[in-house]
Structures are given as C-alpha cells and as structure tokens.
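The structure under discussion appears below in the form of structure tokens.
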Amino acid sequence: MAAATPHSPPPQQLSSPFLEYIRAPGGLDKVVLRGRRSCSVEIRLFGGQVTSWKNDHGEELLFVSSKAIKPPKPFRGGIPICFPQGNLEQHGFARNRLWAIDDNPPPLPVNPAIKAFVDLILKPSEDDLKMWPHSFEFRLRIALGAGGDLSLTSRIRNTNTDGRPFSYTFAYHTYFSVSDISEVRVEGLETMDYLDNMKGKERFTEQGDAIVFESEVDKVYLAAPSKVAIIDHDMRRTFVVTKEGLPDAVVWNPWDKKAKAMQDFGDSEYKHMLCVEPAAVEKPITLKPGEEWKGRLGLSAVPSSYCSGQLDPLKVLHG
Ligand SMILES: O=P(O)(O)OC[C@H]1O[C@@H](O)[C@H](O)[C@@H](O)[C@@H]1O
C-alpha cells in the first residue's frame with residue numbers, strides 16, 4: 001500500500017491504546033505515543049519532528065523555545081531532522097516539509113516490548129526536485145520504549161531512476177532541556193577532534209576533561225563515540241545519547257549574543273538548552289540508486305550518578 005498523503009485520514013493502525021492522532025490546522029497534526037505512567041512523545045507531521053518527550057513523572061525532557069514559529073518556518077526545539085544538507089537552505093528541507101504516516105513500512109527489526117511507535121515517510125515534491133534533483137524515500141520510525149527511552153530510526157533510499165547516486169549530510173538536531181547550562185557537563189567527547197564552526201571549521205583536539213559551557217559553542221566532533229552523556233547537576237539527571245550509522249556529534253549552544261539575534265528564541269533561553277546532535281557531517285553519505293542508509297538515535301534519561309561532588313563518568317558511559 002502506498003504511503004498516506006498528508007491529508008488522508010490516519011490509518012487504522014493508529015487506533016491503538018499507545019497512539020493518538022490529533023488533528024490541528026496549519027500542518028500541525030500530531031501523533032502522541034504513550035508509555036507507562038506519564039511517559040509520552042509528541043511528533044508533528046510538519047518536519048516529522050519530535051516536539052515533546054516526557055518521562056514517567058510527566059516532566060518535559062526536550063527544549064522547545066517559547067518563541068518557536070509556526071510552519072512554514074522550521075520549529076525551534078525538539079528534534080528537527082536535518083536532511084539533505086549541502087548547498088541548500090541551512091539544515092536541508094526535511095524539517096519544513098509535511099511528512100505522511102507510512103502505513104505499510106518495510107520490516108524493521110524491533111524489540112517486541114515496544115508497543116508505541118509510528119512510521120513516517122517523506123518523498124520529494126516537484127519543487128523539492130527542482131532544488132535537489134534526486135528522488136528519495138525517507139522513512140522515519142519513532143518509538144517510545146517500555147522504560148521511557150526514545151529512539152528514532154531513519155532509513156533513506158535512493159529511488160533515482162536515471163542511475164545517479166546522491167550525497168548528503170544528516171543530523172538529529174536534538175535540543176535537550178537543562179536546568180542551567182553552566183551546571184552541565186558532557187562526557188564522552190574528551191580528547192576528540194572537532195571542527196569549530198565559529199572558527200571557519202578549523203580542526204582542533206578537545207582537552208581531556210568533560211566539556212563544560214561558559215560561552216557560545218558550535219563544534220562538530222568527528223568520529224565521536226557511540227555513547228555520549230549529558231549530566232545535569234541541578235536536576236541530578238543524565239541524558240544518555242546513543243547513535244548508530246552517524247559518525248559525528250554536533251554540540252551547540254548559542255549563548256547570550258546569538259540568542260538575542262535569533263527571532264525564534266528567547267533572550268535567556270540559552271541557559272536552559274543544549275543541542276547534542278548525532279550527525280554525519282564531515283564525510284557526506286553517498287547512496288547509489290536502490291541503496292538504503294540507516295541512522296539511529298537513542299535517548300534515555302537516567303538519575304545522575306552525581307554524589308557529593310564526584311561524577312563517575314565510567315558509570316555513566318558504560319552503565
Ligand atoms: O538556526 P538553525 O538553522 O536551526 O541552526 C541552529 C544551529 O544549529 C547547529 O547545528 C549549527 O551547528 C549552528 O551553526 C546553527 O546556528
């Protein structure tokens with residue numbers, strides 16, 4: 001069966017106790033995944049974007065700006081999908097296109113314990129093809145695990161019929177909600193090489209300590225490990241970010257000056273967010289016709305092992 005068009009009714013499979021389809025005007029239809037107690041995930045069809053992820057106490061774990069703008073502008077917060085990047089609009093067009101529910105996705109091995117998931121699909125429009133002349137099918141599965149963990153699996157297939165390969169870069173532009181950015185540490189990126197977007201993408205090597213934040217940061221860590229931890233001292237919460245098929249990790253906080261310059265971002269909101277973005281940036285991915293690429297993001301929020309001023313990075317990173 002073909003993918004639903006953006007305006008067709010939600011397919012039958014969405015009528016499950018774990019899923020709710022909520023209609024809203026202006027491309028703001030959303031799907032809500034429900035887990036145990038108050039765990040939930042909200043996904044907007046516009047952008048195929050996760051806009052909320054709540055733990056079992058109903059606490060929001062992702063940052064969304066109070067000044068976020070409605071479609072057709074990209075939405076500031078949650079997890080924008082950045083694809084296909086290159087000589088296009090910043091971060092590609094997938095984040096400001098209307099995705100559809102994919103009611104018959106090709107099989108994807110899943111943990112049978114996961115009941116709450118939804119499959120979305122994006123195919124290029126005629127206008128998109130004028131801008132980026134490649135035919136593709138982008139399938140996105142968003143799943144809420146039994147323990148409240150969130151995973152996003154992207155499958156991108158080259159469906160060009162003229163034999164041409166295409167190349168792209170990609171990112172899950174994840175905005176984490178943090179209590180106070182100056183109390184946050186990122187572990188797992190120590191001693192990594194990075195490109196500094198604030199210094200003309202020059203290459204540097206990170207020092208040996210966990211990363212802390214005292215000013216604007218916009219770095220692409222290269223060949224980053226598959227697990228990175230964001231430790232929020234005040235919340236005593238650690239986000240564990242896992243990634244597959246995505247070699248790099250972008251770390252971004254705009255800090256005060258850039259925050260003021262952004263129309264869709266509050267002046268002080270930089271204090272309460274941090275982007276850690278599993279990505280493929282340094283080396284674009286190339287797909288021949290018929291080939292498919294898969295990239296997965298896994299997120300969980302666990303109590304920090306922070307105890308009387310001592311963090312145990314090994315415990316956080318290796319369980
Ligand atoms: O404003 P946008 O397009 O959502 O981008 C926000 C930031 O996203 C980050 O991923 C980039 O590294 C930054 O350079 C950029 O400023």
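The first residue of the sequence shown is numbered 1, and numbering continues consecutively from there. We count ligands from 1, going down the list as the structure has it; atoms in each ligand are counted the same way.
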- Does NZ or CZ of K243 come closer than 6.0 Å to the centre of the six-membered ring of Y172, within 45° of the ring's axis? no
- Message: Between K271 and D180 (salt bridge meaning N to carboxylate O under 4.0 Å), is one present in this structure?
- Response: no
- For atom 16 (O) of ligand 1, which candidate among F265, F75, W252 provides the closest heavy atom? W252
- Task: Please could you name the atoms of ligand 1 that N197 approaches to less than 4.0 Å, counting only its heavy atoms?
- Result: 12 (O)
- Task: Could you give me the CA-CA distance, side-chain angles and deciding distance for Y168 and F136, then say whether ring-ring contact (aromatic ring centres under 6.0 Å, His included) is met?
- Result: CA-CA 12 Å; Y168 58 91; F136 64 85; 8.7 Å; no
- Note on the structure: Logged contact type for H173 with ligand 1, heavy-atom cut-off 4.0 Å, is side chain
- Item | salt_bridge(R34, E20) N-O dist < 4.0 Å | yes
- Taking only heavy atoms of Q90 into account, list the atoms of ligand 1 that are under 4.0 Å away from them. 2 (P), 3 (O), 5 (O), 15 (C)
- ligand 1 atoms nearer than 4.0 angstrom to some heavy atom of V250 are 10 (O), 12 (O)
- Task: Report, in ascending order of atom number, the atoms of ligand 1 lying under 4.0 Å from any heavy atom of D218.
- Result: 11 (C), 12 (O), 13 (C), 14 (O)
- Message: For residues M235 and L62: do they belong to one hydrophobic cluster (side chain heavy atoms under 4.5 Å, members Ile, Leu, Val, Met, Phe, Trp, Tyr)?
- Response: no
- Message: Below 4.0 Å from ligand 1: does a non-hydrogen atom of R76 turn up there or not?
- Response: yes
- Find all atoms of ligand 1 within a distance of less than 4.0 Å from any non-hydrogen atom belonging to E277, and give their numbers and elements. 9 (C), 10 (O)
- Test of proximity, K258 against ligand 1: N or O pairs below 3.5 Å: no
- Message: Is K73 close enough to touch ligand 1? Criterion: a residue heavy atom under 4.0 Å from a ligand atom.
- Response: no
- Query: Looking only at heavy atoms, is any part of K219 under 4.0 Å from ligand 1, and if so is it the side chain, the backbone, or both, or is it neither?
  - Reply: neither
- Query: L45 versus I101: any side-chain heavy-atom pair under 4.5 Å?
  - Reply: yes
- Message: More than 12 heavy atoms of other residues, nucleotides or ligands under 6.0 Å from CD of Q263: yes or no?
- Response: no
- Would you please indicate yes or no on a ring centroid separation below 6.0 angstrom for F213 and Y270? no
